[in-house]
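One structure is given here, and the rest of the page talks about it.
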2 protein chains.
Amino acid sequence: MPGERSQAGRPTISEVAAEAGVGRATAARTLGGYGYVSPELRERVLAAAEKLGYRANALARSMSTGVSHTLGVIVADIGNPFFAGVMRGISDASRARGFDTLVLSTYENLDDEVAAANVLIDKRVDGVILASAAVGRGDVAHIRAALDRGIPVVLVDRAVASVDLDAVVIDNRDAARRAVETLIAAGHRRIGFVWGPPMAEPPATRRALLAAASRNLWTDGERLRGYLDALDDARIPFDPDLVMMGRKVEEQATREVARMLALPDRVTALFCTETDAVTGALRALRTSGLSCPRDVSLIGFDDSTWAAVMEPPLTMIEQPVHQLGAKAAEVLLDIVEGAEPRREMHTLRSRLVTRSSVAPPPSPPPSPGA
Amino acid sequence: MPGERSQAGRPTISEVAAEAGVGRATAARTLGGYGYVSPELRERVLAAAEKLGYRANALARSMSTGVSHTLGVIVADIGNPFFAGVMRGISDASRARGFDTLVLSTYENLDDEVAAANVLIDKRVDGVILASAAVGRGDVAHIRAALDRGIPVVLVDRAVASVDLDAVVIDNRDAARRAVETLIAAGHRRIGFVWGPPMAEPPATRRALLAAASRNLWTDGERLRGYLDALDDARIPFDPDLVMMGRKVEEQATREVARMLALPDRVTALFCTETDAVTGALRALRTSGLSCPRDVSLIGFDDSTWAAVMEPPLTMIEQPVHQLGAKAAEVLLDIVEGAEPRREMHTLRSRLVTRSSVAPPPSPPPSPGA
DNA sequence: CTGTTAGCGCCTTCAC
DNA sequence: GTGAAGGCGCTAACAG
């Protein structure tokens, strides 16, 4: 009997060929959709494939062709709504072009990021989208490794100094600046910066702060710079007491905001760089018995439907999450399909959604100048 | 010159063998971690591999062994925080056992679900975790297809009638019942059900409603049953006017809740089965000028950090999202690794997080009986 | 213990 | 146009 079944009802191309009474190559050509084959034989092959329930083995195909039609994605945390949104953009855009995605979370751990890169290299993905926790010179060996093996890499959400790659990011610095400018325009001069680069103790100087920032997450540093930009433009001196310190967890944000609220010359506005910073700040406000926006104004990053139904509705920065992912996938796929990498920063614009959490400070600013 | 480089600096096992001066099989054995090989040669091979920067080609390995160490996941929407959380559980649990995950979104579209199943079959994943939109008898061909090809399938979040598989779900019916009981215990009898099975017009009878439910998403039906259970126990007659109709989008929830609020005998409590139903309801409350919990009480599904900082803090049902995913992955991996499928429903318990959005109804219930 | 040999399922020259 | 034969990189029997 010809056509010995391989296993578990998975017919191979040879079996289809046998069933159709043609050579393997002919079957392969019609089923693979390449090369010429007469309409007649093509029909026979198709019928046989149909009958046997043939499905091409993508693994075998990848082995021969060298392309897997799979993209690798490395993010901090797939469970984080921000990355989930980005992931959706990536997924939609790549699916539209016939690619699937393998996702790995690193939880901001560089070792895990390296391991993830290796997994993707081993599984022969055609390209990698990376939201990296790496920043410095020494931290890019894994990126180099992928590149050296001919796997293109595109950065998303976070640029990485010291490696010259396409990166798709949002205008963090500008967004932060605009938000803080909005606060300043409302009359605020004591503006807290919640959730920056983690530090053990208050930075002695601006310089020290910036240095800490560049040793940590790229986005945090950018947002901090935007905050500083706005302060500088308004000639408001930088006060180290107004930046959050310690670990980036909601409880810590609550504690730090409480501290800023208890300052003799307390904060009258808060700029929060992440969702959990916002909720942490809100908690602190509540326990302090202070109300927003009457006593303190607030603007935060990462708009959500919740922010719109809060009391008061919150003024927030909306990031184009889906687009961020989609654009990254497109840039990457262009390269995968042969385009020359442009090696540039693709910056997407965020949007300040104005609602009702910003108002003038309660009393006229401390000392109105000279 | 021996050891002709394959391409882009990707040494093969043969090149490593040549470099080490041993046979291919010996190199394969040490690098693949199977079979015996003398410490001496092993060292030589390892050194050569190190030197060449060898990394095994997982694709080739999969072709030989038939296992890909990859799990497929099919969900409605990877961008949805609920599924993102589930995904994180899946990812963590499978990573811990050496498996990676390929995720596909269906957006509740059955055709996409079928296509996704085919992709996963073609890519030879070792198992599939599926949150299916399928319900009826005819909708399970794609599940059968995977099973027939020897790929185990585990259902997550949503059970599917007419197919006998392991399923990991939460206690939807019980959770809903407890929530509604809580409302009833506070004195409510006019309780709105927000976000049920989509219907074009009000169901004439309970029976019609239940029928609609069983034609739609499993979770929705279960939550509806829980609602009805609680009503029945309290001998509160079912009122079709108190269930939401139309498409499941936030705006529609807002409209429907507004309608229930405008009823002559208006609703005094709301039970919302999803996050967007909660925010939609909150919007309606605001525009109606009604306040929670003074005028209407509210309990919703899917707790989030936002719910805790709302005014008032919301009483919500917390689903064990991470555990849901992790458990599904574990059940699946057990099967992948040879265990016999138990083909049972694994039900995880949710938790009612009591905060401050439930209070007695504003005025004594309409007509206190006889 | 080690090396030789034969596949896994597909694609891809290359003669026919 | 079509079929035979070789190869992708690895595992797995099998002799030695």
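Just so it is clear, the model here is predicted, and its values are computed rather than measured. Below, read A as the first sequence line, B as the second, and so on, with proteins coming before strands; counting in each chain starts at 1.
Side-chain atoms of A/His142 and A/Asn118 include no donor-acceptor pair closer than 3.5 Å.
Side-chain proximity of B/Thr12 to the nucleotides C/dG9, D/dC10, D/dT11 is greatest for D/dC10.
The two residues A/Thr70 and A/Phe99 make their nearest non-hydrogen contact at N-CD2, 3.7 Å.
Residue order along DNA chain C, read from the 5' end via each residue's closest nucleotide, puts B/Val37 first among B/Val37 and A/Met63. Sequence order on DNA chain C of the closest nucleotides to B/Val22 and B/Ala60 puts B/Val22 first from the 5' end. Map B/Thr65 and A/Gly23 each onto its nearest nucleotide of DNA chain D; the residue landing nearer the 5' end is A/Gly23.
Looking at A/Arg29, its side chain comes within 3.5 Å of the base of D/dG3 through a donor and an acceptor atom. A donor N or O paired with an acceptor N or O is not found under 3.5 Å between the base of C/dC11 and the side-chain atoms of A/Ser64.
Between B/Thr26 and C/dG3 there is a side-chain polar atom (N or O) within less than 4.0 angstrom of OP1 or OP2. The phosphate of D/dG3 (OP1 or OP2) has no side-chain N or O of A/Tyr36 nearer than 4.0 angstrom. Checking the phosphate oxygens (OP1, OP2) of D/dA13, no side-chain nitrogen or oxygen of B/Tyr34 falls inside 4.0 Å. A close approach under 4.0 Å does occur between a side-chain nitrogen or oxygen of A/Ser38 and OP1 or OP2 of D/dT2.
Rounded to whole angstrom, the span from the CZ atom of A/Arg55 across to the C1' atom of C/dC10 amounts to 16 Å. Rounded to a whole Å, the CZ atom of B/Arg10 is 21 Å from the P atom of D/dG7. Residue A/Glu15 contributes atom CD, which lies 13 Å from atom C1' of C/dC10 at whole-angstrom precision. The distance between atom CD1 of B/Ile13 and atom C1' of D/dC10, rounded to the nearest whole Å, is 7 Å. Atom CZ in A/Arg24 sits roughly 16 Å away from atom P in C/dT13 (whole-Å rounding). Between B/Arg44 atom CZ and C/dC1 atom C1' there is a gap of 14 Å when expressed in whole angstrom units. Residue B/Arg124 contributes atom CZ, which lies 11 Å from atom C1' of C/dC10 at whole-angstrom precision. Look at CG on A/Leu59: it is 14 Å from P on D/dC10, rounded to the nearest Å.
Side-chain N or O atoms of B/Arg24 include none that pairs as donor or acceptor with a backbone N or O of B/Ser14 at under 3.5 Å.
Side-chain contact between B/Leu155 and B/Leu130 is present, with at least one heavy-atom pair separated by less than 4.5 Å. Side chains of B/Leu104 and B/Val119 form a contact here, defined as non-hydrogen atoms less than 4.5 Å apart. Contact check for B/Leu324 versus B/Phe82: side-chain heavy atoms found under the 4.5 Å cut-off. Within the 4.5 Å cutoff, the side chain of A/Asp100 has heavy atoms near those of the B/Lys123 side chain.
Residue B/Leu41 is in sugar-phosphate contact alone, with no base atom involved, counting any heavy-atom pair closer than 4.0 Å across all strands shown.
Taking the screw axis at each terminus of the helix from C/dC1-D/dG16 to C/dC16-D/dG1 from five consecutive base pairs, the angle between the two is 40° to within rounding of 10 degrees.
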Worksheet item: Passes salt bridge (Lys or Arg N to Asp or Glu O under 4.0 Å), B/Asp122 versus A/Arg55? Steps please.
Response: CA-CA 7 Å; B/Asp122 293 351; A/Arg55 304 230 94 225; 2.7 Å; yes
